[in-house]
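Here's the structure we're looking at; comments come further down.
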Amino acid sequence: ENLAQVVSVAAHIELVSSHLLAAHKSMGGIRADDLNSQAPVIAIFNVSMIGHVNPTFPLVMELVGRGCRVHYFLPPNEDIRRAARDSGAVVEGYLKDDPQDLVLEQCGMEQISPELPKEEQQLWRANIWPLASTLASGDYIIERCRTLGVQAVLYDPVTPHGLLVAQSLGLPCVSLVTYPGMGAGASLMEDEQLLHRAMGIRAEIGRQIKERFGVDVHDQMLTRRQYYAAENFITTSEDLVVPLPASGERPWADELRQHFCFEAVGCMVNQAAPHVAMAHKSSSSSNATTQSYFGSDLPVQELEAAKGRGDKILFCAFGTMALANRWDLDLGAESAGNLPKGTSGKAFCQQMWSVLFEALELLGPGFHCVISVGTQPDVLDFLPGGPGALPASVTVRSSVPQVEMLRHADAFISHAGFNSLQESVFEGVPMVAVPQAVDQPANARKAEASGWGRAFLEPMASVTPESLAEALREVTGTTSSAPFRAALSATGAKLKGGEKRAADRLLELAATCPKRCGSSS
């Protein structure tokens, strides 16, 4: 019955796509009907991470608009799945019957000894779940893609699901890198002993995958924090890719150069594409009553009133890693020293918000700030009076449509996640970057060096009410902000067109598939 429903949806999308294709003829680019008389079938594999899925939705719309059928494999997260369906994809699960309690990141956790030190447990967790979830779902996703007649695979390199399917079925595949390349994470790759320990942790499950499916996912590489394909798209312009260490300096960087090809296709943006601002696990509905919720709409009335007073509009958002995924967990462990070890998402956000409120007092009248605070039940417990103690110049939302909000903003106080960075550049909004971890410190340095705003590295120490107020005055001043906006405008023009270039290449690859692997049922 479920399969019949998928078929019905797929048939409907194929019919709609044929009409979209006719309307799209005059826009140039490679067309599906130039390559294959039947609609090409593309499979996408991804995880429940907002920064990883949002760039894919404009690409899905582009592919569907060219007559493709896109089957999008996702964990059971309804917010993300709804966005995938709205972009034109047919949503697929990772297991037969699509159990709603599946959490990919929990796969293989039984193998981790509770006796291990906390840092060692984190190392095991990061290296086990991508392979364990692939081992658990491999039989189903391979057979499902064979049945669907998939001709090309696009996947997020956090896990090797798409790589396994492509190699099992002899299909072309590309990984989609939604950050500015492995160079952005160079600080996390410096400890070679740690890289070799991680290889040892991965070895047994990697062996099981090879034994079961006859596929080597090459887990015994230094760079298997990410399961890159031979060909990889980076969702930015070449100017924004963070370079690797020089040849011969780091073995892991030399390994990347030798085995993998990366192409900066550009930013994937479409104003009509869905955009997930906050994703809640489907299985967490029982916890809904314990969450705080301040709305997810654009605060139009407050923005209009602020503009009527002539206020500068500030927008503050720190990303789902701090606001959700690691609210109670250690962010510092993934920061390569940018945050003190043991700093949780909650500690980071609440300290930054406290400093921001003091900075607003120093700035005085003429500023209004919209803050996305997430939905944690204890999100505002640092305020003695709770939400009622918020400054009058602050509007709080659990989330807002970020791109739409940026169009109203004079400055963006951000964690410098890569999608946020590119959206800030795209909309021409100067940034005040307070990075947390992973690629964010490198993104923040890039933003300041490129003249797009100000950056505060090691923000728990460097962000003070005085320093933040000074930075906000600089990036919003009528005269002082002009160089920032000029630099943003020049870079923004180079970012456009990523979804079109990626679709061109995927259709080329699909055309090389000699025949359908199965039927479209």
Practice item. Starting from the C-alpha separation in whole Å, work towards a yes-or-no answer on salt bridge (charged side-chain N to carboxylate O under 4.0 Å, His left out) for R66 and D504. Key: CA-CA 10 Å; R66 299 191 192 193; D504 282 348; 2.6 Å; yes
Practice item. Under the side-chain contact (heavy atoms from CB on, under 4.5 Å) rule, collect the residues that match up with S414, sequence neighbours excluded. Key: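 Scan of S414 (side-chain contact (heavy atoms from CB on, under 4.5 Å), adjacent residues dropped) gives F412, S420, M431.
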Point to revise | Residue that, paired with D254, satisfies side chain to side chain donor-acceptor pair (under 3.5 Å) out of Q258, R257, R250 | key: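 Result for side chain to side chain donor-acceptor pair (under 3.5 Å) with D254: R257.
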Identify the two heavy atoms, one from [X] and one from [Y], that lie closest to each other, and give their separation to 0.1 Å.
X	Y	value
A437	M321	CB-CE, 4.0 Å
Q111	W124	O-CZ3, 4.2 Å
L176	P157	O-CD, 3.2 Å
F57	P274	CD1-O, 3.5 Å
L123	R197	CD2-NH2, 3.6 Å
S372	W353	O-CZ2, 4.1 Å

Compare all side-chain heavy atoms of [X] with those of [Y] and state whether any distance is below 4.5 angstrom.
X	Y	value
T491	D239	no
H275	P401	no
V403	F426	no
F73	Y94	yes
V41	C68	no
H259	M221	yes
R473	S480	no
S481	V475	no

Distance-only, no hydrogens or angles: does the [X] side chain make a donor-acceptor pair with backbone N or O of [Y] under 3.5 Å?
X	Y	value
E448	A455	yes
R224	V217	yes
S467	T464	yes
R202	D219	yes

Exercise for review: Just say parallel, tilted or perpendicular for the rings of F45 and H161, cut-offs at 30° and 60°.
Suggested key: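 Because their plane-to-plane angle is under 30°, the rings of F45 and H161 count as parallel.
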Point to revise | Residue among E231, E62, E263 satisfying salt bridge (Lys or Arg N to Asp or Glu O under 4.0 Å) with R505 | key: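 Among E231, E62, E263, the one meeting salt bridge (Lys or Arg N to Asp or Glu O under 4.0 Å) with R505 is E231.
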No-hydrogen, no-angle side-chain donor-acceptor test under 3.5 Å, [X] and [Y]:
X	Y	result
Y72	N46	yes
Q436	H415	no
D328	S344	no
T236	Y179	no
H52	D156	yes

Review point. How far does CZ of F213 sit from CD of Q208, to the nearest 0.5 angstrom?
Key: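 Reported to 0.5 Å precision, the distance equals 10.0 Å.
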